[in-house]
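Read the numbers this way: they start at 1 and go in the same order the structure lists the ligands and their atoms.
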Amino acid sequence: MLIDAFQRTISYLRISVTDRCDFRCTYCMADRMQFLPRHDILSLEEIERIARAFVSLGVRKIRITGGEPLVRQGVIPLLGQIARLPGLDTLALTTNGSQLAQQAVALRDAGVRELNISLDSLRADRFHAMTRTGELAPVLQGIDAACRAGFGRIRLNSVILKGQNDDEIADLVAFALEQGVDIAFIEEMPLGDIGRDRQAAFLPSHAIRQTLEQHWELIPATDQTGGPARYYRIAGHRSRIGFISPHSENFCSQCNRVRVTAQGRLLLCLGNEHSVDLKSILRDAPAAPDALEQAIRSAMALKPERHHFNLAEPVQILRFMNSTGG
Ligand code: SAM
Ligand code: SF4
């Protein structure tokens, strides 16, 4: 088992399989992004090797993310390999939904059980403005295809920004209820310099809850997932309404996860730079038995107690969310 210095058991790994994306969401990326050269990115074989090492050390859930994971060539066979790792309970994926209409069935067949789909607006013009390059219609078709494909659990992820999409909070929930899927509202995190003041657009989770309470009674859910989201239910509906509140309701003491970036850096905390370069270990000593597992075990001592996000300060973490893996 992987246990850190604060007695937290690490059972959940997120892997960013690419920093590239077909969208350029304004809160995730800068206007002009420089993507990593291909040789800097983990190969599919290296990703599988890393996933296998983590599962052998007690990780029970893996989420594949990015960038946009579905733009990575060969991702479906990779998902199949990871899903079959003995000991893994859940394979999950986070996507912007742009390719889901074509890929939903293949993802389910590969063994993906849980899907998070990002959706910040139901208005085509606004969706395009917030993603800079994205189109709403294919994403809605993708959500529909995913619902029909029969995943164990589907959740929409929405980042609400004051003055941009805060008038759609109730519409997004009504859409989730109609589709019978969960929805989580995520407070924007200060990762990377995106060229605007994040504090000015910040909307805390309790403000979103207040807006929703004008429409529905939110009943705290008894079946929390163990993750950072605090869930609520609405009588008569299957959907859960979640709030991920890194600023307003710190959840670091419950943290059970680590991340591997597209570059192969094991990142111990989203809001700190403590990391270990797993790619070098794989490439410099490919035959060394257990070197990877040893490095992962030792890295646990580096996991910080908590993040120190502060929207009032200049950006502290220069890496963008797309290379980190959200
Ligand atoms: N491209 C996929 C997608 O958009 O779902 C997967 C990667 S994306 C980085 C994962 C999640 O991170 C998305 O739900 C996105 O809304 C969220 N995200 C991106 N940048 C963020 C930020 N600065 N603060 C909070 N959430 C962010
Ligand atoms: Fe791409 Fe996802 Fe970042 Fe949007 S949030 S730019 S879809 S990686």
Atoms in ligand 2 flagged as close to Met29, the criterion being non-hydrogen separation under 4.0 Å: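 Answer, ordered by atom number: 6 (S).
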Side chain to side chain, Thr131 and Asp120, heavy atoms closer than 4.5 Å: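 A side-chain contact under 4.5 Å is absent here.
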Atoms in ligand 1 with a heavy atom of Asn157 nearer than 4.0 Å: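 Near Asn157, meaning under 4.0 Å from one of its heavy atoms, ligand 1 has 14 (O).
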Ligand 1 atoms in contact with Val159 (distance to a heavy atom under 4.0 Å):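 Counting atoms of ligand 1 from 1, those under 4.0 Å from Val159 are 16 (O), 26 (N).
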Donor-acceptor pair, side chain of Lys279 and main chain of Ala262, under 3.5 angstrom: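 Here the side-chain-to-backbone pair does not exist.
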For Leu57, the option from Leu2, Leu292, Leu13, Ile10 that meets side chain to side chain contact (heavy atoms under 4.5 Å, CB included):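 Going through Leu2, Leu292, Leu13, Ile10 one by one, the side chain to side chain contact (heavy atoms under 4.5 Å, CB included) with Leu57 is satisfied by Leu2 alone.
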Criterion side-chain hydrogen bond (donor to acceptor under 3.5 Å, both in side chains) against Asp182, the qualifying member of Arg155, Arg240, Arg238: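 For Asp182, the side-chain hydrogen bond (donor to acceptor under 3.5 Å, both in side chains) test succeeds with only one of Arg155, Arg240, Arg238, which is Arg240.
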Distance-only N or O hit between ligand 1 and Thr94, under 3.5 Å: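 Such a contact does not occur with ligand 1.
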Any N or O of Asp120 closer than 3.5 Å to N or O of ligand 1: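 Among all N and O atoms of Asp120, none is under 3.5 Å from an N or O of ligand 1.
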Ligand 1-proximal atoms of Arg198, by part, heavy-atom distance under 4.0 Å: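 The part of Arg198 near ligand 1 is the side chain, not the backbone.
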Structural part of Thr95 in contact with ligand 1, heavy atom criterion under 4.0 angstrom: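 Under 4.0 Å from ligand 1, Thr95 contributes backbone atoms alone.
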Cys21 N/O/S atom closer than 2.8 Å to atom 1 (Fe) of ligand 2: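 True for Cys21.
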Ser118 touching ligand 2 at heavy-atom level, < 4.0 angstrom: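 Contact absent.
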Sub-4.0 Å heavy-atom approach of Gly67 to ligand 1: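 Under 4.0 Å: yes for Gly67.
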